[in-house]
Structure formats: C-alpha cells, structure tokens
Protein chains: 2
Amino acid sequence: MSTSRPTINDVAARAGVSKSLVSLAIRGSDRVSEESREAILRAADELGYRPNAAARSLADRRSRTIGVLLHDLHNPVFAQVLDGVQEIVRAHGYRTMLVTGHGDSQREREELTALLDFQVEGLILISHGLDPALAQQAARECPVVIVMRHDITGRGISTVCADDVRAGSEAVEELLALGHERIAHVSGGDNRVGADRELGYREAMIRAGLDHHILVEAGDFTESGGRAAAARLLERDPDITGLVVANDLSALGAVVAAEEADRSVPSDLSIVGFDGMSLAALGSLTLTTMVQPLEQMGRAAAEQVFRRITSPRSPLSQDQVISTWLPRGTTAPAPPRG
Amino acid sequence: MSTSRPTINDVAARAGVSKSLVSLAIRGSDRVSEESREAILRAADELGYRPNAAARSLADRRSRTIGVLLHDLHNPVFAQVLDGVQEIVRAHGYRTMLVTGHGDSQREREELTALLDFQVEGLILISHGLDPALAQQAARECPVVIVMRHDITGRGISTVCADDVRAGSEAVEELLALGHERIAHVSGGDNRVGADRELGYREAMIRAGLDHHILVEAGDFTESGGRAAAARLLERDPDITGLVVANDLSALGAVVAAEEADRSVPSDLSIVGFDGMSLAALGSLTLTTMVQPLEQMGRAAAEQVFRRITSPRSPLSQDQVISTWLPRGTTAPAPPRG
DNA sequence: TCGGGGCGTTGGAACGTTCCAACGCGCTAG
DNA sequence: CTAGCGCGTTGGAACGTTCCAACGCCCCGA
C-alpha cells in the first residue's frame, strides 16, 4: 500500500486483467463476463479504489458538470431556484458546481473563469447584478441560461424570467383595489429586474391617474437597503399608505422601518414584496407578496441547458413565468383619509 | 481553428515557442524572457486559450480545491458559516466545491463520493444529521473538519463547535433571571447539537430545582417542525411562560405557533432561539437568541484544514467557540402568576 | 583562447483515464 | 473441415497539462 491512491492499473494487476477491462467493469458495461466483473469489483473494493474525476473528464473531454453562478447564498430565494436546478441536473446524471460572486463583478468574473476552466458543459447564471459582457463571453464556450433577467441577450444565451413589469403593475393594482392611492416604491437599484418592477409600478400609477403620487427611493434588494429606503420615503411623504418594495428581503426591512416610524403594518401602512421567499411566511407578520415560481424557474433553466447540450442547434428560448398575488399579513384596506 | 478548444500546444505553435515555455509563462514564472512572455500571452489571448483544469489537476496530482458539504442552503445559518470558510479558502488561492445533502444520508454519501473523486484536498462537513461512518471513511483520504458537532471523532477528524450544552443552560438561566419558571424546550431532534442544547436545558432546570417543570417536544431544526412542537407544548401545559427552542429557524416557527394559540410574544410567552441567523433580526418581532459566531466557525474550520494540508502531522484540534446571549424582541419578564 | 556557469528554452515522460482497432477463442453454418 | 462471427479481452494512443533533465548560448574570468 503506497502513499498515493490506487489507480485502475493497480486494480487490474490485482484482479489479473487488463486496465481496459477494469475501466469497462467500473462503468458497469455489460460486455464484461460475470467472473471478471466480480474479480474486478472485489479487487477495487479491497484496494479502496476511487476513480479519478480529473483523469476522466480529461479522457472523455466532458465534465458532466453544470456550472451555477449565484448572486449570494444569504437570500433564500436563490436556494429555492437552486433546488429546481439541482433536481433536473441530478436527473440527467450530471453534477452542479456552485459559485457565488457576492455582487462583486470582479469576483464574478473570477468564479466564472474557474467554472469554464473546469470545462462545465453548461452555465446557469442567477445574479441580478451580472455584467452582460461576462455572460456573452461565457456563451462563446458553452450554453448559457440566465435566470431573472431578460435584458442580456446574444449568441448562445437563453433566459428564464418572471413577468416583472406586469407583476409590478399588479402589486399596485391590488393596493388600488384595497383603496390605496398614495403608493410609493422602494426600487431594487441599478439592474433590470429592479427596473422592470419599477416600470410596472410607474405604469400602473399612471394608468390609475395617480402620476402625481409616484414616489420612488432606491434600495438594493437587501434588508438594510429596503429599511433605509422605506425610512426615506416615509419622511418625504408621511401620507403614504401603500409601499411596493422590490423584493421580499427589502420588504422585511421596510416593515422594520415602518415600525421605527411609528406606523403600524398593515393598519397604517400596507407593504408588498416580490419573490415569495419561504422565510417571509414566518414571523408574526407574514409578508404579502407577488410570488414567483422559483423552483420552476430553476427547473426550466436546467432543462434548457440540457436541451442545448444534447442538440446544440436547438433554438434559444426566452421563458417567462407568471407571478401571482399572495395576500398575507402586511396588506389591509387603506385607512380612512386623515 | 478547429471546433474544440485551443490547447497549450496551439498557443506554443502560434507564439513560436515550446509548450513547456507556454506552461511557465501562463503560470507567471519569472524565468521566461520578457519577449517570450509577451508573445505567448498575446497568442493565448488571440486564440482564446483557457487552461484545462482537469489536465492540470491530473498532472499536479492536486486539485487546489476544498470540498464543503452543507446540510442545505435554506437555513441562512449555513450561508454565514460558508462565508467564513470561503474567506480563508480564497486567501490560500484554493477553491471551494460546494455540495448539499438535504439531510438525506444516501445523498450525502453520493455527494461526498463525488468530492473525493475530484481529489479535494480537504473536507469541511457542516451537517447536523451526518452519518459518522461517512466522515470517518472520508477522513482516510483527506483532512476532515466537522463543524457544529463534536461527537464524531476518529483518525483524521477535527471539529469546530459551539459550547452547546452551556448555551442551552445559559438560555434557561437568562429566562430564570427574568422570573420564568415554567420553561419548556423544543428540541432539535436526533443529532448531537440538538441533544447537547437539550442537555443544557435539562441541567439548568435541575440546578434551579425545577425538575418537575421539565417539558420537551421534539422539533427538527426546521420552521415547520418548530411550529408543530411548540403547538404541542402549549397544549400539554398552557401555563408555560418560557420556551427555549433548539435553533432560530424553529424559534420563528414557535412564534407563529404561539400566536395561533393566542399567546402574545413576549408578554405572555418568551421565546429564545440559537444561532443568531441574520434574518431573525428582521420583522416586527426580532428574535432573542444565543448567538454563535458563525463566520468565525467557518474561518476556524478552513484554517484547520489548511494547517493539516501543509503539515499532515499537525495535531487534530477540537475548537470550541462561545455562544452569547442576545436579548431582542421575543423575551420579557415573566407575567405575574395567574 | 578556453572552461564554466547561468539563463532561457526544450522534448519527453508522467498523471489516470477512455477509446479504438485488433486479438484469440469457441461456436455455428456451409 | 473450415470460414466467419461474436464475445470477452487486450495494448496502445490520446486527452492537456506539469515536471525534469538536458540543451545551447552568451558572458565572464583565468
């Protein structure tokens, strides 16, 4: 027993067959005699043989791995999308390789590079801040599917998104139906998802003839960003009764800001988020939100990747999924005019 | 330009040098002349050359990768530990390869196998349900550090844990100090972390002479499990005024159960969690908890892995970190006896 | 003038696997 | 009785990289 790992050759020697036959047996080929198979598997077991994944992917020039770039792991929304991705990837006998960029473009570039160095056969990008150039460059080397933003296009890029503009409008319309008029918006910052939801907000306000009540402060999809932006809004216009916040995490922050400003939710102030993250259903005040089918988006993305892997000429898709209104504890009819 | 990727040989041909020199130049060796380096880097750039990680780790016999097994990604606690791990791993110029087992032992075995096939140089295991045999087997192939449970030992295994027994006791003692006596416990189920926190609870109750008020229901570290267990406790003994819940996620569930049982938190019922997960600080009712230094635990684990990689004979450590009481919105003095 | 040393450079071997063409054997059909 | 076939098996080449021993060259000192 030497210091380093046993190889296929060691197994072959021990079983008294050739390395080729060991290779076949290990992979479960049916063209190996029962006798040989048995001897080989026993030898492998006795030696503690473990196939070397690097040598494998070098020899067959494929890694059987899908790379996934996530914005970060703290927003549980990404975990939900990832569950959908993993389900499909595993069903295909592939593995996922997961990296996060923490919203830092330089770091996202490094992580993406590492994935491509690993010869991932497909790439799923789930990061609202993503630099389009990075995605386009990656798409020259393998199929790329971008989740949650549709504004990055190019050769080899498919997308899976929600109907963010419409969802933005619907959030407003539901508040209108509850009698709210002074509805303000905490945006998601400088990225397409945020911009779309904001656009939906603005359009719905205009359609309702409430242009003059349009009021927006920039958040950044984090809880603290949402809290700060909501605080600024409540200071700018104390008469606000409705708040459409760009995502659930920020909306949770907005709830805190509301209470700090002595507004009780939902009786004084209604708050709506986006995403439907599972943790927002917890706590004493469960969040009203525009739910996105997160796992389904993950599954759709993975399926598209495999479609493109198996037939590279298959058309690029631009999937869109539907968000739905989920009223919970943070919305109520507008208070009577004061 | 063939259909497949350019290799080091293509770069060499284009730059008019040998592949060996390209290899050196790409890795930034200083024994390459300025002239050659320039020609090589230009050629590589023009061809879109990308080093093949599989070939590299095969030739090197090292992957420069640390494997991390996470229980799952939905509990943000794991993301926090992971942040600490990544910080150290990146500082060493290594990469992390992340997998999750979702608490399924069979799946954890598969994922661990895949990591070992990839020749990870070290392994960090963060999963309370982990099968000890898996860890022990893995430890025969590379350094293993287990986070959050100290009961798995063996050759090649180090641990990084919190002082769970003491933390369990301290949670009780803080409630005692607030005047509570009927303090019940939602446990974390069949694993060591849960068992330790429960033990701490029991010991503190006994020390306080409150043996007869010891009351435990089993949760499973999830929000729904915590909710159900808390509901059972409140039904078994309506006079409970304090609830020590095995982790924050379950404690959030317990808050919901309390409200469903018409108990207001914290005036009727005080609730304490464990972990200090960041999302528990959100919402209208921020959770009182025994905080663990999660990122620090991640850093400690990664540092221990590298210590063992660089000097394999270095001693196995059993790090313990300190949990601290963090009073927030879910605890209050005990209500007067009814 | 020549020998030696350093420096930039080189080809070949190795890493552990998969693929491929080809082998020998026994069996069957002609 | 033999040609052909299928089956289980085999060695060698390939995958893209790193490492190593050795090369030629130039410069310096003797």
Side-chain angles (χ1 to χ4, degrees), chain A residues 2-41 43-44 47-65 93 114 116-121 141, chain B residues 2-41 43-44 47-65 93 114 116-121 141:
Chain A
S2 91
T3 157
S4 69
R5 294 203 174 150
T7 74
I8 205 175
N9 286 303
D10 301 325
V11 176
R14 182 167 191 125
V17 298
S18 73
K19 64 176 177 17
S20 307
L21 200 58
V22 174
S23 174
L24 289 171
I26 293 291
R27 285 175 296 159
S29 159
D30 57 356
R31 43 172 60 198
V32 178
S33 71
E34 198 46 51
E35 191 185 6
S36 301
R37 171 190 323 289
E38 209 172 294
I40 290 168
L41 294 184
L47 291 175
Y49 169 72
R50 169 181 303 294
N52 181 317
R56 271 195 171 163
S57 68
L58 181 58
D60 54 311
R61 274 108 86 55
R62 54 191 306 202
S63 58
R64 290 168 193 282
T65 299
L116 290 169
D117 288 357
F118 252 98
Q119 314 261 102
V120 293
E121 297 177 38
E141 309 195 29
Chain B
S2 88
T3 157
S4 67
R5 295 203 172 149
T7 73
I8 204 173
N9 287 302
D10 301 323
V11 176
R14 180 165 191 126
V17 298
S18 73
K19 63 176 179 18
S20 306
L21 200 57
V22 174
S23 174
L24 289 172
I26 293 291
R27 284 176 295 160
S29 161
D30 57 356
R31 40 172 62 198
V32 178
S33 71
E34 199 47 51
E35 191 186 7
S36 302
R37 173 192 320 291
E38 210 172 292
I40 290 169
L41 294 184
L47 291 174
Y49 169 72
R50 170 182 299 297
N52 180 317
R56 268 194 174 166
S57 71
L58 182 59
D60 270 15
R61 274 106 89 51
R62 54 189 308 199
S63 59
R64 291 169 193 282
T65 299
L116 291 169
D117 287 358
F118 251 98
Q119 315 260 104
V120 292
E121 296 177 38
E141 309 195 29

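Within every chain, numbering begins at 1; the chains are lettered A, B, ... in the order of the sequence lines, protein sequences first and strands thereafter.
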Inset, instruction - Before accepting this row, confirm whether a basic side-chain N of the pair B/Arg62/B/Glu121 lies closer than 4.0 Å to the acidic partner's carboxylate O. - result: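 Between B/Glu121 and B/Arg62 there is a salt bridge, with a charged N closer than 4.0 Å to a carboxylate O.
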Legend entry - 5' to 3' contact window, DNA chain C with chain B (heavy-atom distance under 4.0 Å):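 Under 4.0 Å from chain B, the extent on DNA chain C is C/dG8 to C/dG16.
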How would you label the contact of [X] with the nucleic acid (heavy atoms, under 4.0 Å): base, sugar-phosphate, or nothing?
{"X": "A/Ser57", "answer": "nothing"}
{"X": "B/Arg37", "answer": "nothing"}
{"X": "B/Ser33", "answer": "sugar-phosphate"}

Legend entry - A/Leu24 CG to D/dC7 P, straight-line distance once rounded to whole Å: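 So the two atoms are 14 Å apart, to the nearest Å.
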Side chains of [X] and [Y] in contact at under 4.5 Å (non-hydrogen atoms):
{"X": "B/Arg56", "Y": "B/Pro51", "answer": "yes"}
{"X": "A/Leu116", "Y": "A/Gln119", "answer": "no"}
{"X": "A/Asn52", "Y": "B/Leu58", "answer": "yes"}

Inset, instruction - Return the residues of residues 8-18 of chain A meeting this criterion: a heavy atom under 4.0 Å from some atom of DNA chain D. Order them by number, or give none. - result: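 Residues of residues 8-18 of chain A under 4.0 Å from DNA chain D: A/Val17, A/Ser18.
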Inset, instruction - Quick one: which residue pairs count as a side-chain hydrogen bond (donor to acceptor under 3.5 Å, both in side chains) with a foot in residues 7-22 of chain A, not counting sequence neighbours? - result: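 Listed by first then second residue: A/Arg14-A/Glu46.
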Legend entry - Upstream residue (5' side of DNA chain D) when B/Arg56 and A/Ala55 are each assigned their closest nucleotide: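 Counting from the 5' end, the first nearest nucleotide belongs to A/Ala55.
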Legend entry - B/Arg5/A/Glu141 under side chain to side chain contact (heavy atoms under 4.5 Å, CB included): CA gap, chis, key distance, verdict: CA-CA 9 Å; B/Arg5 295 203 172 149; A/Glu141 309 195 29; 3.4 Å; yes
Legend entry - Candidate pair B/Leu21 and B/Val32, rule side chain to side chain contact (heavy atoms under 4.5 Å, CB included), full reasoning: CA-CA 7 Å; B/Leu21 200 57; B/Val32 178; 4.0 Å; yes
Inset, instruction - Give the minimum heavy-atom separation between A/Tyr49 and A/Pro6, together with the two atoms involved. - result: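 Closest approach of A/Tyr49 to A/Pro6, heavy atoms only: CD1-O, 3.5 Å.
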